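Down below is the structure, laid out as structure tokens.
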Number of protein chains: 2
Amino acid sequence: MGQPTIKDVAKLAGVSISTVSRVMNNSKPVSPEARQKVLDAIAKLDFKPNELARSLVMRRSNLVGVIVEDIGIEYMAQLIRGIEEIGRVYNYDILLQSSYGNEEALNNSIDFLSTKQVEGLIIITENLTNETLIKLRETRVPFILLDKYHAYKNLNTVKIDYSKEQYKLIKYLYDLGHENVLYIGNSEDNVLNNAKFAGYNQAADELNKENFVLKIDGLSSNDGYNIGKEAIKICKENNITAVTLMNDEMAIGFIDYCADNGIKVPDDLSVVGFGDSSIANIYRPNLTTVSIPYYDIGAIAIRALIKRIKHEEEILLDDWVIECTVVARESSK
Amino acid sequence: MGQPTIKDVAKLAGVSISTVSRVMNNSKPVSPEARQKVLDAIAKLDFKPNELARSLVMRRSNLVGVIVEDIGIEYMAQLIRGIEEIGRVYNYDILLQSSYGNEEALNNSIDFLSTKQVEGLIIITENLTNETLIKLRETRVPFILLDKYHAYKNLNTVKIDYSKEQYKLIKYLYDLGHENVLYIGNSEDNVLNNAKFAGYNQAADELNKENFVLKIDGLSSNDGYNIGKEAIKICKENNITAVTLMNDEMAIGFIDYCADNGIKVPDDLSVVGFGDSSIANIYRPNLTTVSIPYYDIGAIAIRALIKRIKHEEEILLDDWVIECTVVARESSK
DNA sequence: ATGAAAGCGCTAACAG
DNA sequence: CTGTTAGCGCTTTCAT
């Protein structure tokens, strides 16, 4: 036969299965003698309760589903770390699925996980349609959405005030003594882009600086490289000594362009990124950037989800805003 | 009430629960009329079977546990991608836990996952003691170990022939026309180090080249940088034109040293790494390195595990050796 | 303090 | 082809 069951323990201990259950869960008083006999039997058989059976009767699976767009994306992996580690503290385990940005896969995962009786869902994706959102609500499983943009209205989530963070970064540059700072951003009209842009403007306005803005299409290091020529021209014409780019990859591409064209970073020009990706402190010069505490975001998200599951005091009545930090490194001075 | 159950479907369809079960699983013939009634009822109620109950009676959870040392480590995340995506094809879902290199945590995870009735276990770690291994065997749950070293004896696993891969890389350098190649390796006496070293030696010997070896303690980019002075000295004294380092990080540190000391890579010196980490093709010069197909390793591992679970033909009777590829980029010529 | 019995939602003989 | 029944391993009344 296979694993020992509660029956085997009961038989060996010479008590009923109820008594065994009681000592396992400390749910009702049991006489010291009986308890000891049960404990001995459990040890002897190396008995481990079948959580499946327990979940079935208790209607609590202690499982949360996590659907991630792609675990290979660094920040998503960090998010999962936080979710996993804190979830474990509350005795919740993670059922992991990937959607690879495919809506059908995401929908399937939601269905699948709900048949597995997950008590809650955390969805980490940058692509979520309204239909999926509706479907999600229909499942009646508590859920939390995590992404880079946090653009969902009417949904409590854990988010970052990108506007404020960009403001802090720009302020840091002005405080360093730079008079003119160029903002190179993505031209798409989305929440993230607009928020960062607003942060830049706020900083410039508050300090009575002139606004210099360059908007481009991409977000990759190549895009950063390719905008180099135009950006440098603008810098020279306007006495600009610091440039900020939307993310670390773009910043690195841009610095590469500078290096190829005899412009020294940070001596001739300070350059900063955003996101504190793993390359930021390996690349030379080490990149000044904004560090986003993804681990903490994951941790807070799972904690909030569990509270919601347990119908405890709602810690996400409002959005939970996480503070980031400006990490000053070599690329700015 | 909560989710609809098979009973609700049966009642609504006017049949017995067995019939409902039969149409759901296509396990036995059902009359077209009955089937249609059941299907309608299922659709109407949006009924989804409770997999927990199903697992309990069928004794198949369709769950595999994955214990990872740290999901934040890039190659482990890639491994998980493969495991997850292929596991899903076979209808297996992943229960994820992290051990953070802590043996007690690992042991707890093994116990915990086995109470969740996982049908198999994949453990991704670089630290595994013999005691844990014994414990693992005692659980009687099929398992597969994945790590960077694959040093476990008497265990079928998915592995890389590091000796051969290093050989291929060195051969590539000789084929490029380099006469003398310096090998900078880690001095610790372990399977991985020895294998790579053997690969270097084999290539040098086969082609009648002289062996130049430098062994150091660390593995980080700083270590690569710090060995720079000594390594360059050796290169100059021996007319060495190519250097190979144990991993990409070290290689990058070493190239940084070269850059700081007026040595141009690849013009003055070719430098290669190992592993194809994500920085390898962002760093400038882009790094020539060996690409390890972690995704495939994960995919093969889960496939093998599932076969083992189903007692099908064993595809891991012998170790499964995965081929890597040399990725030639800018840092060598 | 303890055991018998019911039942969580489902599958799988068994009988018809 | 279909319904009845007996569990899977566990928790939880309900008696005693």
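Computed from a predicted model, the values in this text were never measured in an experiment. Note on naming: letters A, B, ... go to the chains in the order of the sequence lines (proteins, then strands), and numbering restarts at 1 for each one.
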Open item on the list: Need one value for Ile17(A): base, sugar-phosphate or nothing, where a base atom within 4.0 Å counts as base even if backbone is also close, heavy atoms only.
Closed with: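 Since a base atom lies under 4.0 Å of Ile17(A), the category is base.
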TODO: Give a yes-or-no answer on whether the side chains of Ser98(A) and Arg88(B) include a donor-acceptor pair shorter than 3.5 Å.
DONE: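 No.
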For atom [atom1] of [X] and atom [atom2] of [N], their distance in whole Å:
X	N	atom1	atom2	answer
Ile6(A)	dA5(C)	CD1	C1'	14 Å
Leu52(A)	dT11(D)	CG	P	13 Å
Arg60(A)	dT11(D)	CZ	P	13 Å
Leu56(B)	dA12(C)	CG	P	13 Å
Lys11(B)	dG9(C)	NZ	C1'	14 Å

Open item on the list: Between Arg54(B) and Glu51(B), does any side-chain N to carboxylate O distance fall below 4.0 Å?
Closed with: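 Yes.
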Task: Pairing of Lys48(B) and Asp46(B) as salt bridge, 4.0 angstrom limit - done: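 The answer is yes: the pair qualifies as a salt bridge.
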Nearest listed nucleotide, side chain of [X], among [options]:
X	options	value
Lys7(A)	dC8(D), dT11(C), dG9(D)	dC8(D)
Pro49(B)	dT13(D), dT12(D), dC10(C)	dC10(C)
Lys28(B)	dC14(C), dT11(C), dC10(D)	dC14(C)
Arg59(B)	dG9(D), dT13(D), dT11(D)	dG9(D)
Arg22(B)	dC14(C), dC10(C), dC14(D)	dC14(C)

Taking only side-chain N and O atoms of [X], does any of them lie within less than 4.0 angstrom of OP1 or OP2 on [N]?
X	N	value
Thr5(B)	dG9(C)	no
Asn25(B)	dT11(C)	yes
Ser18(A)	dT12(D)	no
Ser21(B)	dA12(C)	no

Open item on the list: Around atom NZ of Lys44(A), are there more than 12 heavy atoms from other residues, nucleotides or ligands closer than 6.0 Å?
Closed with: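 12 or below, so no.
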Task: More than 12 heavy atoms of other groups within 6.0 Å of Lys135(A) NZ - done: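 Count over threshold, so yes.
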Task: DNA chain D: 5'-proximal contact among Ala53(A) and Ser31(B) (nearest heavy atom) - done: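 Closest to the 5' end, via its nearest nucleotide, is Ser31(B).
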